[in-house]
Protein chains: 2
Amino acid sequence: MTSAADLFATHRPRLDEAVEACATRGYYSAFDESPSPRVYGDDAAAQGKAAYDALLGSDFPIETPGSAGTVATERSPYGIDLDVRYPHAADLDALMAAAQSGMRDWRDAGPDGRTGVCLEILHRLHGRIFELANAVQHTSGQAFVMAFQAGGAHALDRALEAVAYAWTEMTRTPATARWEKPGKHPITMEKTFTVVPRGVALVIGCNTFPTWNSWPGLFASLVTGNPVVIKPHPGAVLPLAITAQVCREVLAEAGFDADLVTLAVEDPADKLAAALATRPEVRLVDFTGGNTFGDWLEANARQAVVFAEKAGVNTVVVDSTDSFKAMCQNLAFSFALYSGQMCTAPQNVYLPADGIETDEGRKTVAEVGAGIDAAFGKLLGDDARAVELLGGIVNTGVLDRLADAPSKGEVLVASREVTHPAYADATVRTPTLIALDATKDSDVYEAECFGPVAYLIGTDGTDASIALFRDTVQRHGAMTSAVYSTDAGVIDQMREAALDAGVALSENLLGAVFVNQSAAFSDFHGTGANPAANASYTDGAYVASRFRIIQSRRHV
Amino acid sequence: MTSAADLFATHRPRLDEAVEACATRGYYSAFDESPSPRVYGDDAAAQGKAAYDALLGSDFPIETPGSAGTVATERSPYGIDLDVRYPHAADLDALMAAAQSGMRDWRDAGPDGRTGVCLEILHRLHGRIFELANAVQHTSGQAFVMAFQAGGAHALDRALEAVAYAWTEMTRTPATARWEKPGKHPITMEKTFTVVPRGVALVIGCNTFPTWNSWPGLFASLVTGNPVVIKPHPGAVLPLAITAQVCREVLAEAGFDADLVTLAVEDPADKLAAALATRPEVRLVDFTGGNTFGDWLEANARQAVVFAEKAGVNTVVVDSTDSFKAMCQNLAFSFALYSGQMCTAPQNVYLPADGIETDEGRKTVAEVGAGIDAAFGKLLGDDARAVELLGGIVNTGVLDRLADAPSKGEVLVASREVTHPAYADATVRTPTLIALDATKDSDVYEAECFGPVAYLIGTDGTDASIALFRDTVQRHGAMTSAVYSTDAGVIDQMREAALDAGVALSENLLGAVFVNQSAAFSDFHGTGANPAANASYTDGAYVASRFRIIQSRRHV
């Protein structure tokens, strides 16, 4: 048995680096994003793939208190039934009782001890990063390298960021204090401050980013003392099953109750998330997913603090550019990456209906569409290369919306089917670009169309574009926004509008940074200031309400 | 005009001291609690009284956007109608529009600028501390010295604490950052992080502590960029009217819109708090008051973050003592201070029905009651001295409960009427002590009986007392708890129970510290971990959700 204190000492340097990075919000990464053999060794990729393959068609080795039988619900967007069988959550009383049984010991481990255990869990998850990448690929549909990066290294970084914020927050109050009131009769008291958990934490996973979107909440809740019940999306269980397995293993090895982290897998008909989220024992809920259930959670899980990342309409305002090709290339990449199935992918592009000034002369809306199409050609022209950017379509809902898109406006770029060289049954599509009119088509562009559908929306000019941006984001939310302009005044106006709308802004991205990407320790993901999300990865508000401080005091 | 930056520079030393005190939670006070002429000068008391007297029977000089006519609702517990007339809030659309009109400038002032303005407000309020003390005395009923301390100096300290926490929280993210990703093709970006407000903040004041309980939320919301609408209790308007006046004066002098702080006074029939709290513009609500309206706010003001301090049953577990007289004296003081009309006043005393061990031998429940009665005799035997501790009864609800108390159990100590030497019509009562049985009388002691009523509750022994303590606080909440025991094992058990119940614990208080008192910068007030309150003065969670961070980024 390795003690929590030993684990804390072992991982202290990494924690210190992460805490420092959070304070400066400069570049930092603890987990290498390159799946290269030069970084991870010659055998790592093959071993990870083999470990993943060994899980297919098997009973996943994990125990869930109160489960009855098993359930298998995952089909890869690459056309393969995973057929991994998980314990089917059944008796929620038993699950809740088990979750709570180790809570007091976990509380008594203190901020440092819990942080040591959580950092060891991240270290062990990192050791299984290739296995996780395969699991993320074949549940979300992300291409392998993206699954390795977003689902592995970057997700670990964001989890570390959450742990670092939570540790900072827990330790900003000293464990003990001496209070000496001066005066004719001085008074001296000794005070003890103890971090206590809120209760059971529920993490509701999503289909597209099962680790990246679940780990921040999971580790923020766990490290602050709360037992965590993980309810994965039925389409993306495996990455979180591996997560739960590693959590339980490390907890038990360090002398804690493994049931501090449990895996609650459902048949989609169970509506398990709703049942769990309204349990009186559940005091924290982390959710990523659609508006309907997100809104339902906020309205109904009122005994809990709900951290919800829902949906919005991510917006780009194009005013002008001195690098037309690079702009088109950058936008095309953002539309294509994982087939636009990112909560951060741009959807609405507002630009003057009479065109924009560029280094290649004035460009009409149709010409901007053609420029992006040309960039698609380079990025996606070759099927074998295209699939590594596009990944697979995660579910039929996305396909349906894509099929429906041409009816919404003028098709500037049509979607096409891509044949995956390795997976014949994979569902892969390129993005479509639809031209809309700002005045007439608001019912179309004011709704999120999750997937590879983007709109070029002609406006009365850049002032109108900015006003529309401010308005649509305030009313419908957004995770990201971007602007292209050579005019400093327009950039200033957009910064002001982004502050009003409460959304992060990327300015004139032309190179290897994309609006859909947020870097842990530096970029905040979501703001909590518009309807798309009520929280942010990671700020103080994301962690501060996950625990409470209880004091005792006595005369010395 | 003094700029916000100048004000920040002026008050920076005080801020630094406060920030340091919050981090150590040792003793600190920025505002002297002694109303002595040696501290405040020979004329201060008389000038403050004169300033207060000049307000009586007049139109309070303040403008409230959207008001119509005036309203006067205050009657002193010392028997005087204040007859101060305030603008009567009427058109809430106009009020909300005015509140929001200066929001952008206030946001753009930044954390330091807003902190400078808020610290100047506290400085000016301190300059009117005697006037405020008179206003608090004659609205809450607190005796003058308590009104000066709790309603003046300590309230200023708690406000400063909230400002310090908020400033720390806002500035833990740098205003700008440089992100340099290494690699074959290094990438450099510049990032800007801006603190933005949530929206309009509503502060709902209470009758008993109009400043102490309102200022933390008011200043936490204001300093984080939010306009604040102050809705005082109809019985305690004046202290918050003076507050709003000072806020508006300083805001205007520093070049901001005075309507960033507005005073919304109601006729009790208006139900103004409910109307304001559910306005879509209102995104933060701070409330102190009863459970019924507190629960209503949490259920209905769902567009806002609600910080609510409600009610609970504060509990003392008495196991044994080596200082029987000092224990009785300490408890008697806590029961008598402001006639038990404190949210922190002890109500339930659990002790073994067969008595406790003391330095004066075994004492039965009746003998403990007699010991407390003897202490009351010393503290309250002389009417002129008694009124300085008891203050006045704040409203008829308290009198009704006091009248009803003898029917609840065996009267160990009866309440008596006290004649105020200066105010013939003052309503002053001493506390009553009622003996109850832990098994039979749970319907009595599981409810808060706000006012000068305390219960000595006989249990099957200390283990039963501690179990009952844990259970009643978990179910009904508490702001404070205390234990008396000479047995280290019992103290340990109580600490554990207090962690489970989520309440602050005072151990063996025998001298000049009382369970009802919490010291700013050191003691947390409320925990957010039991039903009595969902927040704490002041921790990170109290401030972190009052603002959001919006970033923009660009290549360098």
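None of these values were measured; they are calculated from a predicted model. So you know, we letter chains A, B, ... as the sequences are listed, proteins then strands, and number each from 1.
- Using a 4.5 Å cut-off between heavy atoms, B:E33 contacts chain A through its side chain alone, with no backbone atom that close.
- For a residue to count as touching a neighbouring chain, one of its non-hydrogen atoms must lie under 4.5 Å from one of that chain's; by this rule B:V543 does not touch chain A.
- Options A:A498, A:G199, A:P182, A:A519 differ in how many heavy-atom pairs under 4.5 Å they form with chain B, and the most are formed by A:P182.
- Heavy atoms closer than 4.5 Å to chain A are found in the side chain of B:M189, but not in its backbone.
- In summary, the side chains of B:S29 and B:D157 do present a donor paired with an acceptor at a separation below 3.5 Å, with no hydrogens or angles considered.
- Identified under the salt bridge (Lys or Arg N to Asp or Glu O under 4.0 Å) test for residues 504-524 of chain B, with sequence neighbours left out: A:K191-B:D523, A:R553-B:D523, A:R554-B:E507, B:R495-B:E507.
- Scanning both residues, B:R172 and A:Y165, for their nearest heavy atoms gives NH2-CD2, 3.5 Å.
- With sequence neighbours left out, the side-chain contact (heavy atoms from CB on, under 4.5 Å) criterion links A:S334 to A:N330, A:P346, A:F514, A:V515, A:N516.
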* Could you please spell out the steps behind the side chain to side chain contact (heavy atoms under 4.5 Å, CB included) verdict for A:H525 and A:E309? => CA-CA 10 Å; A:H525 173 75; A:E309 183 192 311; 2.8 Å; yes

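- With a 4.5 Å cut-off on non-hydrogen atoms, B:A482 does not touch chain A at all.
- Of the listed residues (B:D539, B:T192, B:T173), the one with the most heavy-atom contacts under 4.5 Å to chain A is B:T173.
- With rounding to the nearest 0.5 angstrom, the OH atom of A:Y537 is 11.0 Å from the CZ atom of A:F307.
- Here A:R548 contributes atom CZ and A:T224 contributes atom OG1; the two are 11.0 Å apart, rounded to the nearest 0.5 Å.
- How far OG1 of A:T315 is from CG of A:L505: 11.0 Å, rounded to the nearest 0.5 Å.
- Proximity of A:T321 to A:N508: side-chain heavy atoms (C-beta onward) are nowhere separated by under 4.5 Å.
- Note on B:H555, B:R107, B:M103, B:R198: by heavy-atom pairs under 4.5 Å with chain A, the leading option is B:R107.
- For the set A:A504, A:G511, A:A512, the entry with the most heavy-atom pairs within less than 4.5 Å of chain B is A:A504.
- Looking at B:F521, neither its backbone nor its side chain comes within 4.5 Å of chain A, counting heavy atoms on both sides.
- When each of A:G528, A:A177, A:A535 is scored by its heavy-atom pairs under 4.5 Å with chain B, the top score falls to A:G528.
- Heavy atoms closer than 4.5 Å to chain B are found nowhere in A:F547, neither backbone nor side chain.
- Interface remark: B:R104 contributes side-chain atoms only to the contact with chain A (heavy atom separation under 4.5 Å).
- Note on A:G502, A:A544, A:A501: by heavy-atom pairs under 4.5 Å with chain B, the leading option is A:A544.
- One distance of note links OH of B:Y484 with CG of B:L509; it measures 5.0 Å at 0.5 Å rounding.
- For chain B, the nearby parts of A:D500 are the backbone and the side chain; heavy atoms of each come within less than 4.5 Å.
- Of all the listed residues (A:R178, A:R302, A:R25), the one sharing the greatest number of non-hydrogen pairs under 4.5 Å with chain B is A:R302.
- Residue contact with chain A, scored on non-hydrogen atoms closer than 4.5 Å, involves the backbone and the side chain of B:Q551 alike.
- Your options are B:S506, B:S545, B:S481, and the one with the most heavy-atom pairs under 4.5 Å with chain A is B:S506.
- Highest contact tally toward chain A, considering only B:V513, B:T194, B:L499, B:L510, is held by B:L499 [criterion: heavy-atom pairs under 4.5 Å].
- If you measure heavy-atom distances from B:S536 to chain A, you find no contacts under 4.5 Å at all.
- Shortest non-hydrogen contact noted between A:P197 and A:N226 is CB-OD1, 3.2 Å.
- The structure places OG1 of A:T188 at 9.0 Å from CH2 of A:W179, a figure rounded to the nearest 0.5 Å.
- Contact count versus chain B (heavy atoms, under 4.5 Å) is highest, among A:A529, A:G26, A:S522, for A:S522.
- B:I187 touches chain A through its side chain: at least one heavy atom from C-beta onward sits under 4.5 Å away, while N, CA, C and O do not.
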* Show the numbers, then the answer: is there a side-chain hydrogen bond (donor to acceptor under 3.5 Å, both in side chains) between B:Q517 and B:H154? => CA-CA 10 Å; B:Q517 296 174 326; B:H154 299 168; over 6 Å; no

